[in-house]
Structures are given as C-alpha cells and as structure tokens.
Peer 1: 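Input: one structure, supplied below.
Atoms considered below: every heavy atom in the structure, side chains included; atoms not considered: hydrogens, waters and symmetry mates.
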Amino acid sequence: MISIVFLISCIGFTIAGEGGFVYLINLSGSNWKKTHQEYYAMKNWGFPTLVKTGEAELVYIEFGNFPFLHVSHAQVEYELVGTEGQSFQVLAHGRPNRLEVVYNNLEIDGHPKGMSRNLGWRHNGDTNVIIIERNGTYTGNSLDTANWMNNNIEALGTRPLKQISIPGSHDAGMSKLDGHTAFGRACNVLTQSHSIGKQLNLGIRYFDIRPVIGNGGKFLTGHYTEIPGSWQGGNGQSIASIINDLNVFTKDHNELIMIKLSHSINTDFHYRKFTQAEWEKLFQELDAINYLYSNDESDVHLDQITLDDYTNHGSRASVVIIVDDPNSKVELGRRTGRGYFMPSSLDIFDDYSESNHWGTMIHDQIKKMKQHSDKQYFLLSWTLTQSDVQAVLCKPTVRDLADKANNQLGKLLYNEVSTSSFPNIILIDNVKDTNVALMALAINTKITL
C-alpha cells in the first residue's frame, strides 16, 4: 500500500511551516553546554553547542506540522557549566504551536526545581529565553513582574533613575472604549488589552496617560486625532478607576511608578485643551493617589535620584506624576514637588517614528537611542502608527501593529544595547505578557557587565 505521505510528496504538495526565533540570553554567570537535543517533524531545530555567559545566541526554528499525520515536537537541554548539574530545557509543541522552558533541577524565582513556564509562540518574531544570576539566585522567564524592582533592589537600589531601564505603556488607559466619535472605533482607538492594574502586575512602571473630559464632565483617558474639519477618537479607562488600580497595587508592592500626563482635551467643549481650573479639578482627584513622591528641592533632577531614595530602600512604593502639556499652560502651584513635577525636572528625549512598518520604526528608534541616550533620559518608542487607510479600513488594528513590533522585542533591541547606549523607558502598545519587563531587567543586567 502506498503511504499517504509518499503519495502527497509525489504530487508535489507541500505545507509551509511556521517559523520564528528563539533568542537565548545568558546572564547566568555560567556557560551553557548543550547536553541533549531531539526533534520530530520540525523543519528547523538546531541549537548551538555552547552559549557563553554574558552572550546571546539567535536560533531559527520552524514547525513542520503535517495535516492529519505528524505533530511537531522537540527539545534541547543545556547544563550550566561549573554548577552541580543544574540544567534547563526548551521544548516545542505543535498544534497549537508553543514553546516551553523547563528548569530541570534549577531553582528560579523562588519556585521549586522542575517548574515549567509556557512561552507561547511568536510567528516571525522572537521568543526570549533568559536566565539572570544575582548573588547565587536565578531569575528568568518566571520573573515575578509585580515585584521585579523590589526583588532586585540590591542590584538596582543604588543606581540613579538614569542608569535604570523600565518598561512603559503607550496610551496606557486605552484598553476599553467608553464613548467615541463617528469614526472612532476599537480598531483605531484602543492601544492596550489590559487595565492599568493588570499592566502594573505585568511589570509596567511608566504610564503615558492622556486625560480628557467627556461623557458629561467625567475625567477619562482618551485617544483622539485632529483631522481636517473634526476630531476623531474615543475615551478609555476613567481616571477614578486608574487611581483605584494604583492604590490597590501600591498597598502590597514597593515599586516606583511614573505617570506622564499629556494631550489634555475637553471633548465636551470644542475639543480644547484643559483650562487651569480643569487641571486643578483633575489634580484634586489625583491627590487621592497613595505614596506620591515628594521632593521640595527647587532644581530637582528626577533622573539623578536613586531607586533606594524613591522607595526608602524598597520599604515603600513611590508614585511620580509628570505634567507635560505645554499648550494648556498648566501650573502646578503648591503641588510642585509634592507628587507633581514639570518636564523641567526630567530632561526626557521622546520622539516616536510615526511609521506603520516595524523595520523602519526600529531603525529610527535605535538610531535615536545611540544619538541621545547618553545625554538625556531616553524613551524608546517601540510603537507603530496606523496609516490613514489602515485607520479607516480597520486593518490592521492598532493592537495588531503593536503585536508585530513587540514580536521583535529581542535581538533587535538587546543586541544594540551597551553601557553608553540603552533605553531608560521601553514604551510599547498592547502590553499582554511579561516579556517587556523581563527585557528591561536583562538590559539592566547587561549594562553592568
């Protein structure tokens, strides 16, 4: 009997596999030696024999799942040289395609030996596998992102903010649609999938929040664009709910949180900037945020303050609000230095690429990082912008574009980082997992090697 596999191959019928990259980042203090590798129905699964400590290796893999016949699966095992046989595995499972890391006899992030972590799958993107050693303990893909700063306070605490990389959320409040214009829809307005509270737990520590007045005088977040003849967009999470999310989080987590307020719009009154009276009313709401950071110095430089000073050596949370809305001519008055700061307190470089192509965006942002990050507090805007046609057709959506950009948040950033050139803020849309927080921690480690 002729097999089905032989028959299909004879008539020239082939199935394209799904490919992507595994990016191995070794910050474990030990070389990784490959001790075992096997695979079935994989088109590519070739891992290096050795990954030296302090280095990174890029591996292209491709699933070869054949309909109704073969399901891809594979594994590779690495031993940490010089340890007592500590090792880990990277596994591949097909249909649906996913990757997994298993820490065989390696205690990591406080978990018992043998724990596993689902890494998902990023088709045509990077799946980062990272192990970081700190004072004899290990952290990695199972990172406790809700406490990542505090758990690393010994390494980060004495550093000024200018020497720390943190993950940020662009248009952070736009995870829901609570009122919109005629052409403002979820596909062209929503930038995030999760609330501020969920993003905090995923490790985000910088929030780009754009306050609007809408829905009859309520303070909300908004995402609006002025086009010829009108404003289009929509409202997102309310300011009241964001305050609640912050207070719930800081009750149990001693982390530094930065909030930037900009792009104020009163949608109830001709889409104009906030007046001083409206800012004052917003500030009165924001005063309910717990653990607002105070510094009464007349010429304070926020990027020169250490994480220890912000959090009292990891014993309390700290929230910094930067108000950067020049066209509204906002004044802080008595609140200056008491939780609220003007842009003059943080010399930040923030210039997005305004491109809808991830290659163009990454080239632009890496170039700017190398030109400006040694001189200013540098925000890396790892975000894509819909074209007019994409915004009208709703294809791809803002979050679809974000996923394409975030899929490249591995080799194309980490490889370019050095002690003199790195992002202080990695700003992304559509925060869905812990990947950006883990990348920030890997960068914090790399720049001290």
Peer 1: Does atom NZ (K367) have a neighbourhood of more than 12 heavy atoms from anything else shown, all under 6.0 Å?
Peer 2: no
Peer 1: Run the side-chain contact (heavy atoms from CB on, under 4.5 Å) check on E285 and I243 step by step: do they pass?
Peer 2: CA-CA 8 Å; E285 283 199 26; I243 293 169; 4.2 Å; yes
Peer 1: Would you say the side chains of S381 and T383 form a donor-acceptor pair under 3.5 Å?
Peer 2: yes
Peer 1: Without hydrogens or angle criteria, can the side chains of D325 and S264 be said to hold a donor-acceptor pair below 3.5 Å?
Peer 2: yes
Peer 1: Can you see whether D245 engages Q237 through a side-chain donor-acceptor pair at a distance of less than 3.5 angstrom?
Peer 2: yes
Peer 1: Would you say the side-chain atoms of Q304 pair up with the backbone N or O of P160, donor to acceptor, closer than 3.5 Å?
Peer 2: no
Peer 1: In this structure, are over 12 heavy atoms from other groups packed under 6.0 Å from E154 atom CD?
Peer 2: no
Peer 1: Between F422 and K446, is there a cation-pi geometry (under 6.0 Å to ring centre, at most 45° from the normal)?
Peer 2: no
Peer 1: What is the minimum heavy-atom distance between G234 and Y224, and which atoms define it?
Peer 2: O-CE1, 3.3 Å
Peer 1: Donor-acceptor check, side chain of H223 to backbone of G233, threshold 3.5 angstrom: yes or no?
Peer 2: no
Peer 1: Given side-chain contact (heavy atoms from CB on, under 4.5 Å), test E57 with F47 step by step and report yes or no.
Peer 2: CA-CA 9 Å; E57 295 284 348; F47 282 73; over 6 Å; no
Peer 1: Any luck finding a side-chain donor-acceptor pair between D109 and T139 under 3.5 Å?
Peer 2: yes
Peer 1: What pair of heavy atoms forms the shortest contact from Y291 to R316, and how long is it?
Peer 2: O-NH2, 3.3 Å
Peer 1: Say whether, by atom type as modelled, one donor and one acceptor occur between the side chain of N31 and the main chain of T53 under 3.5 angstrom.
Peer 2: yes
Peer 1: Crowded around D388 CG? As in, over 12 foreign heavy atoms under 6.0 Å?
Peer 2: no
Peer 1: Got a sec: does the CZ of R338 have more than 12 other heavy atoms crowding it under 6.0 Å?
Peer 2: no
Peer 1: At what distance, to the nearest 0.5 angstrom, does CG of N152 lie from OG1 of T137?
Peer 2: 8.0 Å
Peer 1: Would T35 and E79 count as a side-chain hydrogen bond (donor to acceptor under 3.5 Å, both in side chains) here? Give the steps.
Peer 2: CA-CA 7 Å; T35 57; E79 178 183 341; 5.6 Å; no
Peer 1: Does a donor on one side chain and an acceptor on the other come within less than 3.5 Å for Y78 and N104?
Peer 2: no
Peer 1: Using modelled atom types only, decide if a donor and an acceptor are shared between the side chain of Q376 and the backbone of L346 within a distance under 3.5 Å.
Peer 2: no
Peer 1: Taking atom types as modelled and ignoring hydrogens, do the side chains of N128 and N435 form a donor-acceptor contact shorter than 3.5 angstrom?
Peer 2: yes
Peer 1: Are any of the side-chain heavy atoms of L302 and Y377 separated by less than 4.5 Å?
Peer 2: no
Peer 1: Show your working on side-chain contact (heavy atoms from CB on, under 4.5 Å) between D429 and D403 and close with a plain yes or no.
Peer 2: CA-CA 8 Å; D429 284 319; D403 290 343; over 6 Å; no
Peer 1: Are the side chain of D324 and the backbone of K260 linked by a donor-acceptor contact shorter than 3.5 Å?
Peer 2: no
Peer 1: Under 6.0 Å from the NE2 atom of H36, do we count more than 12 heavy atoms belonging to anything else shown?
Peer 2: yes
Peer 1: Side-chain donor-acceptor pair under 3.5 Å between Q390 and N356, yes or no?
Peer 2: yes
Peer 1: Nearest 0.5 Å please: distance from the CD1 atom of I447 over to the OG atom of S421.
Peer 2: 10.5 Å
Peer 1: So, taking the atom named CG in D171 and the one named OG1 in T191, what distance separates them when rounded to the nearest 0.5 Å?
Peer 2: 4.5 Å
Peer 1: With rounding to the nearest 0.5 Å, note down the distance linking CZ in R185 to OG1 in T397.
Peer 2: 11.5 Å
Peer 1: I want to check something: taking the side chain as every heavy atom from C-beta on, are T221 and I239 in contact at a cut-off of under 4.5 Å?
Peer 2: yes
Peer 1: So which atom in A288 and which in N247 form the shortest heavy-atom distance, rounded to 0.1 Å?
Peer 2: O-ND2, 3.0 Å
Peer 1: Any Lys/Arg nitrogen of R122 or D433 sitting under 4.0 Å from an Asp/Glu carboxylate oxygen of the other?
Peer 2: yes
Peer 1: What heavy-atom pair brings S262 and P211 nearest, and what distance separates the two atoms?
Peer 2: O-CD, 3.1 Å
Peer 1: Using a 3.5 Å distance criterion without hydrogens, assess whether the side chain of E55 forms a donor-acceptor pair with backbone atoms of N26.
Peer 2: no
Peer 1: If you compare all heavy atoms of D126 against all heavy atoms of K411, which two are closest, and at what distance to 0.1 Å?
Peer 2: OD1-NZ, 2.9 Å
Peer 1: What is the minimum heavy-atom distance between N295 and Y293, and which atoms define it?
Peer 2: ND2-OH, 2.9 Å
Peer 1: Measuring from atom CE of M361 to atom NZ of K404, what distance do you get when rounded to the nearest 0.5 angstrom?
Peer 2: 12.0 Å
Peer 1: Could you measure the distance from the NE2 atom of H263 to the OG1 atom of T225? Nearest 0.5 Å is fine.
Peer 2: 9.0 Å
Peer 1: Keeping the roles fixed (side chain from T306, backbone from D309), state whether a donor-acceptor pair exists under 3.5 Å.
Peer 2: yes
Peer 1: For residues 86-172, which residue pairs qualify under disulfide (SG to SG under 2.5 Å), counting only residues two or more places apart or in two chains?
Peer 2: none
Peer 1: Is K368 positioned over the aromatic face of F349, cation under 6.0 angstrom from the ring centre and no more than 45 degrees off axis?
Peer 2: no
Peer 1: Is the backbone N or O of K370 less than 3.5 Å from a side-chain atom of S373, with the two atoms forming a donor-acceptor pair by type?
Peer 2: no
Peer 1: With heavy-atom distances below 4.5 Å as the criterion, would you say the side chains of N44 and Y39 are in contact?
Peer 2: no
Peer 1: Verify side-chain contact (heavy atoms from CB on, under 4.5 Å) between D299 and E297, making sure each step is shown before the conclusion.
Peer 2: CA-CA 6 Å; D299 188 27; E297 292 182 19; over 6 Å; no
Peer 1: Has S72 got a side-chain atom pairing as donor or acceptor with A41's backbone, closer than 3.5 angstrom?
Peer 2: yes
Peer 1: Please check if the number of heavy atoms outside K251 that lie under 6.0 Å from its NZ is greater than 12.
Peer 2: no
Peer 1: If we ignore hydrogens and angles and just use 3.5 Å, is the side chain of R205 paired with the main-chain N or O of L200 as donor and acceptor?
Peer 2: yes
Peer 1: Between D144, N151, N150, T145, which is the residue that forms a side-chain hydrogen bond (donor to acceptor under 3.5 Å, both in side chains) with N147?
Peer 2: D144
